[in-house]
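In what follows, chains carry the letters A, B, and so on, assigned in the order in which the sequence lines appear, proteins first and then strands, with residues in each chain numbered from 1. For the numbers below, each heavy atom of this structure counts, side chains included, while hydrogens, waters and symmetry mates do not.
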Number of protein chains: 2
Amino acid sequence: MADVAHLTESMEMYLKAIYLVEQRKRAARVTDIAHELGVIPSSVSAALRTLSKLELINYAPYDIVTLTPQGLEAAEQIMQKYDALRDFFVKVLGVEKSIAESEACQMEHRISEEVFDRLLNFVHYYEECPYERIRWDEKIGYFCSRNEANCRHCTIRDPA
Amino acid sequence: MADVAHLTESMEMYLKAIYLVEQRKRAARVTDIAHELGVIPSSVSAALRTLSKLELINYAPYDIVTLTPQGLEAAEQIMQKYDALRDFFVKVLGVEKSIAESEACQMEHRISEEVFDRLLNFVHYYEECPYERIRWDEKIGYFCSRNEANCRHCTIRDPA
DNA sequence: GCAAAAAGTTAGATATTTAAAACAATTCCA
DNA sequence: TGGAATTGTTTTAAATATCTAACTTTTTGC
């Protein structure tokens with residue numbers, strides 16, 4: 001059985017691309033994957049051979065591509081990391097969506113289970129807790145909406 | 001002039017290693033750099049040739065290595081990103097130091113100026129603001145120390 | 001059903017990175 | 001100072017990933 005933990009970054013990208021195409025269509029074609037990643041079809045063929053050997057995709061030359069159960073599991077793990085990073089960038093750091101997405105796409109391959117776990121947890125808490133008021137503003141940067149005395153951050157008025 | 005913005009990840013790693021050795025010693029030797037990065041000396045020789053061509057280091061075969069002003073600037077930029085990520089992992093996510101460091105080392109090459117900037121800003125605010133009480137606990141996860149009613153997070157007692 | 005278009009493959013080239021092995025230069029001391 | 005130990009280099013090879021070009025298979029539309 002293939003060790004999903006040792007996938008190269010490139011193979012992770014292909015897996016995720018196949019996953020995303022599968023979300024929209026029944027199965028992925030070489031062209032779909034190439035378009036998704038901005039590479040040419042011959043590059044995809046080479047990658048599919050590798051992923052097929054690792055038993056992460058169902059594939060034969062000239063045929064369509066689907067994820068195997070192991071491939072789906074690996075792809076979902078990558079997607080979860082991507083989502084956690086993107087959410088953190090957008091919801092906490094206030095980064096513009098498209099920038100957050102390309103950044104998350106870069107980092108998703110490098111985040112460990114532990115940090116991923118804590119990031120998820122943190123973003124959830126940050127979003128849910130009604131008492132926390134650290135928020136981002138385009139002009140000011142981070143601000144605190146409490147507006148209390150003896151807090152230099154609170155001297156900045158909440159623009160909301 | 002070399003475009004520091006387009007350095008490969010590998011070259012960034014070598015630059016940072018040279019920077020770190022320079023912090024401890026006057027200049028770096030091939031062996032020092034190899035030891036710092038866990039690669040063999042021949043790999044270092046090859047990298048030094050490249051960095052030298054890019055005018056990021058002062059170097060001639062068999063000689064010691066120092067950063068040029070441009071090299072220092074590039075190394076400092078990388079270090080700043082590393083520090084911001086490590087601080088976020090440790091101070092905000094409560095990740096153990098050695099894990100935070102290896103994770104930051106992986107991601108430092110992939111973080112944009114914008115996200116880096118906001119991360120710095122966020123960690124600073126998070127540390128400084130006396131009213132914010134989102135903190136990490138090993139057993140509980142994130143908790144809120146306010147312990148107010150009608151907040152389900154606050155039903156978890158602050159262990160501090 | 002067949003020709004043209006589209007889709008996909010293979011082979012070969014290039015780039016990047018690193019390690020292994022053999023060799024060369026430098027340094028360290030006795 | 002001179003030989004051993006250390007340090008550093010070059011060459012070669014391997015792995016990964018991607019592209020170009022030429023070719024094959026499949027699909028489409030009449």
Closest nucleotide among [options] to the [X] side chain:
X        : options                   : answer
Val30(A) : dT20(D), dT10(C), dT9(C)  : dT9(C)
Tyr62(B) : dA24(C), dT25(D), dT18(D) : dA24(C)
Tyr59(A) : dA19(C), dT9(C), dT17(C)  : dT9(C)
Thr8(A)  : dT18(C), dA7(C), dA17(D)  : dA17(D)
Pro41(B) : dT18(C), dT9(D), dT18(D)  : dT9(D)

Whether over 12 other heavy atoms sit under 6.0 Å from Glu76(A) CD
yes
Please work out if Val44(A) contacts a base, only the sugar-phosphate, or nothing of the nucleic acid, heavy-atom cut-off 4.0 Å.
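Counting heavy atoms under 4.0 Å across all strands, no contact is made by Val44(A).
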Which heavy atom in Ala17(A) sits nearest to a heavy atom in Glu36(A), and how many Å separate them?
CB-CG, 3.7 Å
Any idea which heavy atoms bring Val90(A) and Lys97(A) closest together, and the distance?
CG2-CA, 4.1 Å
Base dT18(D) to side chain Ser10(A), donor-acceptor N/O within 3.5 Å cut-off:
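Answer is no: no donor-acceptor pair is held.
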Can you tell me the distance, in whole Å, between the [atom1] atom of [X] and the [atom2] atom of [N]?
X        : N       : atom1 : atom2 : result
Leu48(A) : dG8(C)  : CG    : C1'   : 10 Å
Met11(A) : dT18(D) : CE    : C1'   : 11 Å
Lys53(B) : dT16(C) : NZ    : P     : 10 Å
His35(A) : dG8(C)  : NE2   : P     : 13 Å
Ile33(A) : dT18(D) : CD1   : C1'   : 16 Å
Ile57(A) : dG8(C)  : CD1   : C1'   : 14 Å
Ile40(B) : dT18(C) : CD1   : P     : 10 Å
Leu54(B) : dT16(C) : CG    : C1'   : 14 Å

Look at [X] and [N] and indicate whether a side-chain polar atom (N or O) is within less than 4.0 Å of OP1 or OP2.
X        : N       : answer
Thr31(A) : dG8(C)  : yes
Ser43(A) : dA17(D) : no
Arg29(B) : dT6(D)  : no

Residue whose closest nucleotide on DNA chain D lies nearer the 5' end, Ala46(A) versus Arg49(B):
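Residue closer to the 5' terminus by nearest nucleotide: Arg49(B).
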Salt bridge (Lys or Arg N to Asp or Glu O under 4.0 Å) between Glu9(A) and Arg110(B), worked out:
CA-CA 13 Å; Glu9(A) 189 165 324; Arg110(B) 305 297 181 92; 2.8 Å; yes
Are Phe88(A) and Phe88(B) close enough that their ring centers fall under 6.0 Å?
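That pair passes the under 6.0 Å test.
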